[in-house]
Chemist: 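Before I ask anything, here is the structure I am working with.
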Amino acid sequence: MAFFGAWASADAPAEAPAPQYGAAMNYQLHCEGCHKADGSGQPGYIPALRDNVARFLAVPAGRAYLARVPGTSQSLLNDRERAEVLNWIVKTFDPQHLRADFAPYTEAELAHWRTDPISQASVERARVLALIGAPATTETKPR
Amino acid sequence: MKDNSWFDKWFENSSRTFAARSSRRSFLARLGVAMAGAAALPLLPVARLGRVEAAEAAPGQAWNDPKACDYWAYCATDGWLCTACGGTSSKCPPGTELSPIAWVGTCKNPGDGKSYVVAYHDCCGKSQCEYAYCNRNEGDLPRYRAQRSNAITWCFGGVSSTYNCTISRLMSVAK
């Protein structure tokens, strides 16, 4: 039995399960490398979240945009974690644009939009900003 | 005991037959091979698993020396260490710029047993400083997962695209 017992233990997972982190830590690990700790981004290259991101929630296309952008849709986080991080981002970095009736992103919503990612983020961003009536930003450096 | 009598007889007979047509030396040799094989077979995956754990858990000899690749906060570094080029483990050498973009992971500090969030930045603006190459890959993913790959130069986004060396900035305790 020792023989078979040893075989059975060999089937144990080779890696420990990934640590479960909260939204703030997942922002650090998955977003901060580009968007910075304070959400300021990199002018001309990386969109700013601070004082900016919650504006997109004013229209359905904007809400979808935040769930479909490459940084969200290509993230290694699961749908629940991505919803948590998005909710944390809009509350933390842009509370002044966050409406009182904001309905938090849900896991199902993120799962839905994962199937429809944006390939041309700058084009979609310009379209959404036009819908909102906000001035266009130059978050992507002109080529 | 009665239940085992047939087995005893069978084993005695087969042993005598076996002994009659083979030398003791060869028997012992074959027995040894069989026992060693039986012992090694179930151990193979277990032993491999053990090595993986040991590699992650056991710090290198110079785990507390920022000039050495073993330094704990370099656990996913792939590049030339800035400590050999006029910088520190977390500051770029004079005359270079910090890359505005980084990839972020965690490293465990053997000193206090805690995992820390580490941002790997490149220093940019001077030619490659080839004194101390360090290539460790804890948490590293292939390049098609660019945001978690250590094989990418982060010298872009408003700074010189010339890569000089790599630093590890400690951001917080991972929790």
Side-chain angles (χ1 to χ4, degrees), chain A residues 1-49 69-78 81-82 85 117 121 138-143, chain B residues 34-35 37-53 55-57 76 97-108 114-122 138-142 144-150 152 154-159 169-175:
Chain A
M1 284 309 293
F3 177 87
F4 292 105
W7 264 122
S9 69
D11 292 331
E15 296 178 5
Q20 298 297 308
Y21 292 125
M25 181 54 56
N26 278 330
Y27 175 82
Q28 274 203 288
L29 292 173
H30 296 270
C31 317
E32 183 179 298
C34 295
H35 287 289
K36 304 292 183 62
D38 63 358
S40 58
Q42 174 73 4
Y45 294 90
I46 307 295
L49 304 173
V69 287
T72 307
S73 62
Q74 296 176 14
S75 166
L76 297 170
L77 296 171
N78 64 34
E81 292 167 327
R82 292 185 305 128
V85 171
T138 55
E139 286 145 348
T140 300
K141 189 178 183 182
R143 294 178 185 276
Chain B
M35 290 178 69
L41 196 58
L43 280 177
L44 280 173
V46 179
R48 188 170 64 243
L49 180 62
R51 279 200 300 276
V52 169
E53 289 173 344
E56 291 174 353
E97 300 174 275
L98 181 74
S99 68
I101 297 166
W103 88 275
V104 182
T106 62
C107 289
K108 189 171 184 178
K114 295 178 181 175
S115 290
Y116 288 79
V117 178
V118 177
Y120 298 92
H121 286 262
D122 289 333
E138 290 180 28
D140 172 48
L141 292 181
Y144 53 79
R145 287 293 192 183
Q147 68 271 40
R148 307 290 281 180
S149 171
N150 69 4
I152 290 174
W154 297 109
C155 289
F156 64 90
V159 297
R169 297 175 70 201
L170 300 181
M171 309 304 287
S172 67
V173 176
K175 57 183 178 184

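Throughout, protein chains are lettered first and strands after them, A, B, ... in sequence-line order, and every chain is numbered starting at 1. Computed over heavy atoms, backbone and side chain alike; hydrogens, waters and symmetry mates excluded.
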Chemist: Given that the side chain runs from C-beta out, which part of Ala119(B) has a heavy atom under 4.5 Å from chain A: side chain, backbone, both or neither?
Modeler: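 Neither part.
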
Chemist: State, to 0.1 Å, how close Pro100(B) and Lys36(A) come at their nearest heavy-atom pair, and which atoms those are.
Modeler: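 What the structure gives for the nearest pair is O-CE, 2.9 Å.
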
Chemist: Taking atom CE of Met25(A) and atom OG of Ser115(B), what is their separation to the nearest 0.5 Å?
Modeler: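 Answer for the CE-OG pair, Met25(A) versus Ser115(B), is 10.0 Å.
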
Chemist: Side chain from CB out, backbone as N, CA, C, O: work out which of these in Val159(B) comes under 4.5 Å of a heavy atom of chain A, or both, or neither.
Modeler: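 No part of Val159(B) comes within 4.5 Å of chain A.
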
Chemist: For the atom pair CD (Glu32(A)) and CD1 (Ile101(B)), what is the distance rounded to the nearest 0.5 Å?
Modeler: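 So the CD of Glu32(A) and the CD1 of Ile101(B) are separated by 13.0 Å.
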
Chemist: Let's go through Thr106(B) and Tyr21(A) carefully: what are the C-alpha distance in whole Å and the side-chain angles of both, what is the deciding distance for side-chain contact (heavy atoms from CB on, under 4.5 Å) to 0.1 Å, and is it a yes or a no?
Modeler: CA-CA 12 Å; Thr106(B) 62; Tyr21(A) 292 125; 4.3 Å; yes

Chemist: Do side-chain atoms of Gln28(A) reach the backbone of Val117(B) as a donor and acceptor pair under 3.5 angstrom?
Modeler: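 Pair absent, no side-chain N/O of Gln28(A) close to backbone of Val117(B).
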
